[in-house]
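Only one structure is covered here, and it is reproduced in the block below.
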Amino acid sequence: MDFDSLLTDRVLGIDASGVRRAFDLAASLEDPINLSIGLPHFDVPEAVKAEAQAAIGRGMNRYTPTQGLGELRERVMAELMTGYPETLVASGGGAGGVRGWPEDTGLLITSGVSGGLMLLMLSVLQPGDEVLIPDPFFVMYKHLVTLSGATPVYVDTYPDFRLTAERVEPLITERTKLLLLNSPGNPTGVVSTQGEIDALSALCTERGVLLCSDEIYDLFTFDEGELPSPLRTTRHAVVLRGFSKTYAMTGWRLGYAFGPRAVLEQMTKLQQYSFVCAPSTAQSAGVVAMDADVSGYVAEYRARRDRVVERLSGLYELTAPGGAFYAFPKVPEHLGMTGTQFTESLIERNVICIGGGVFSQRDTHFRISYACDEDTLERGLDVLVSVVN
């Protein structure tokens, strides 16, 4: 039987992740200097692990409601209303049993931000639609667009990696349905300003384009104070946040989506027939996680960001990251290499980074993750300095 003939154009249009290949490579090397890992170096807080174990013991092993565990939903709602009272607190009663929660919005607990992205795209996109994606981009974006049947349209943000209304507006057509914003960004670490986000939000409202703000790194901001977000001025955008990076719960698959009720209701319906619900034990632990203090880890990453900028500036063209835990330097032109070729050459020195072609239509840069221990980072920076010199 020819099993290849059974495969769809949808799945054949998606290639294997270059990030996943880096993980496999790291497993094959002896004591690699791994600057490719996009997950925190610290472990899940002890109180969160204890709650997960306790939840299993008390039988929290069944389905939750599709929209999420009531206690976690109420906790997320309360945090959002406290953080963004100007846009989210309504007068009188409220939806979801929470006083003040605006009736025209919805909240869905998702299987990670990745799950939320998939549900969103399947809810609002169809063949012929176009999605505006900032370039460089998180690797999953273009493939989820392909899965939905829509077409990715890339917004060139080089060399400063800022997604602005001026760069977006010329690319909007009658087929444009969705604009993706990722701040703090992966792979660049760039954080959009509130002014940039407000201009994008106004443009999307004017042109009838849905704005989706992927805020998975929401607590990992170094210079802006509180995270700039569409939520500060509007509740008409879809905002995605998660527990994976903030609390090192990458394997627990827990996130949430907030946005216009009409969209969130359809995402909830699709979750019912796909993921069913986010993992029940993770949801119970998520309530406890929201009390965890990770400010010390954020301070550590700020210091490591400063170290990366200090060591590499002058040798590499580098936009200083404002958040997340990545840097995206340009390969020096005198080396005559693409980003992929450069990272392949680093393997000879036992260093693993990821070539820029994984994240971009260009292949001129490479991604460093400084979510590693200090010794690994210093060893890696020593190599990156030496190969240029």
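Residue numbers start at 1 and run along the sequence shown.
Applying the side chain to side chain donor-acceptor pair (under 3.5 Å) criterion to R311, with sequence neighbours excluded, gives E378, D382. Partners of D104 according to the salt bridge (charged side-chain N to carboxylate O under 4.0 Å, His left out) rule, which considers only residues two or more places apart in sequence or in another chain, are R235. A search for side-chain contact (heavy atoms from CB on, under 4.5 Å) contacts involving S280 returns M60, T64, not counting sequence neighbours. Under the salt bridge (charged side-chain N to carboxylate O under 4.0 Å, His left out) criterion, E333 pairs with K330, not counting sequence neighbours. With sequence neighbours left out, the side chain to side chain donor-acceptor pair (under 3.5 Å) criterion links D4 to no other residue. With sequence neighbours excluded, the residues that form a salt bridge (charged side-chain N to carboxylate O under 4.0 Å, His left out) with R304 are E300. Residues satisfying the side-chain contact (heavy atoms from CB on, under 4.5 Å) criterion with T82, sequence neighbours excluded, are absent altogether. With sequence neighbours excluded, the residues satisfying side-chain contact (heavy atoms from CB on, under 4.5 Å) with D31 are R379. In this view, Y217 and Y326 satisfy the side chain to side chain donor-acceptor pair (under 3.5 Å) rule, not counting sequence neighbours.
With respect to H365, the ring pair (Phe, Tyr, Trp, His ring centres under 6.0 Å) criterion is satisfied by exactly one of Y316, F359, F342, Y158: Y158.
In this pair, F258 and W101 present their aromatic rings perpendicular. The plane angle is above 60°, beyond the 30 to 60° band. In this pair, F220 and Y301 present their aromatic rings tilted. The plane angle is within the 30 to 60° band.
Between the side chains of S183 and E215, not a single donor N or O lies within less than 3.5 Å of an accepting N or O. Of the N and O atoms on the side chains of T376 and D373, at least one donor lies less than 3.5 Å from an acceptor on the other residue. With no hydrogens or angles considered, no side-chain donor-acceptor pair links S148 and Q126 at under 3.5 Å.
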Below 3.5 Å, can you tabulate the donor-acceptor pairs from side chains in residues 48-56 to any protein atom, sequence neighbours excluded?
{"unit_1": "K49", "atom_1": "NZ", "unit_2": "D43", "atom_2": "OD2", "d": "2.9"}
{"unit_1": "K49", "atom_1": "NZ", "unit_2": "E46", "atom_2": "OE2", "d": "3.0"}
{"unit_1": "E51", "atom_1": "OE2", "unit_2": "R58", "atom_2": "NH2", "d": "2.5"}
{"unit_1": "E51", "atom_1": "OE2", "unit_2": "S284", "atom_2": "OG", "d": "2.6"}

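The stretch residues 142-157 participates, sequence neighbours left out, in these salt bridge (Lys or Arg N to Asp or Glu O under 4.0 Å) pairs: D156-R362. Sorted by first then second residue, the ring-ring contact (aromatic ring centres under 6.0 Å, His included) pairs that include residues 70-89, not counting sequence neighbours, number zero.
Checked against the 6.0 Å centroid criterion, the rings of F243 and Y247 qualify as a close aromatic pair.
Salt bridge status for E86 with R232: absent, with no side-chain N to carboxylate O gap under 4.0 Å.
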(request) Check the pair R167 / D135 against salt bridge (Lys or Arg N to Asp or Glu O under 4.0 Å), numbers first and verdict last. (result) CA-CA 11 Å; R167 286 171 168 167; D135 185 351; over 6 Å; no

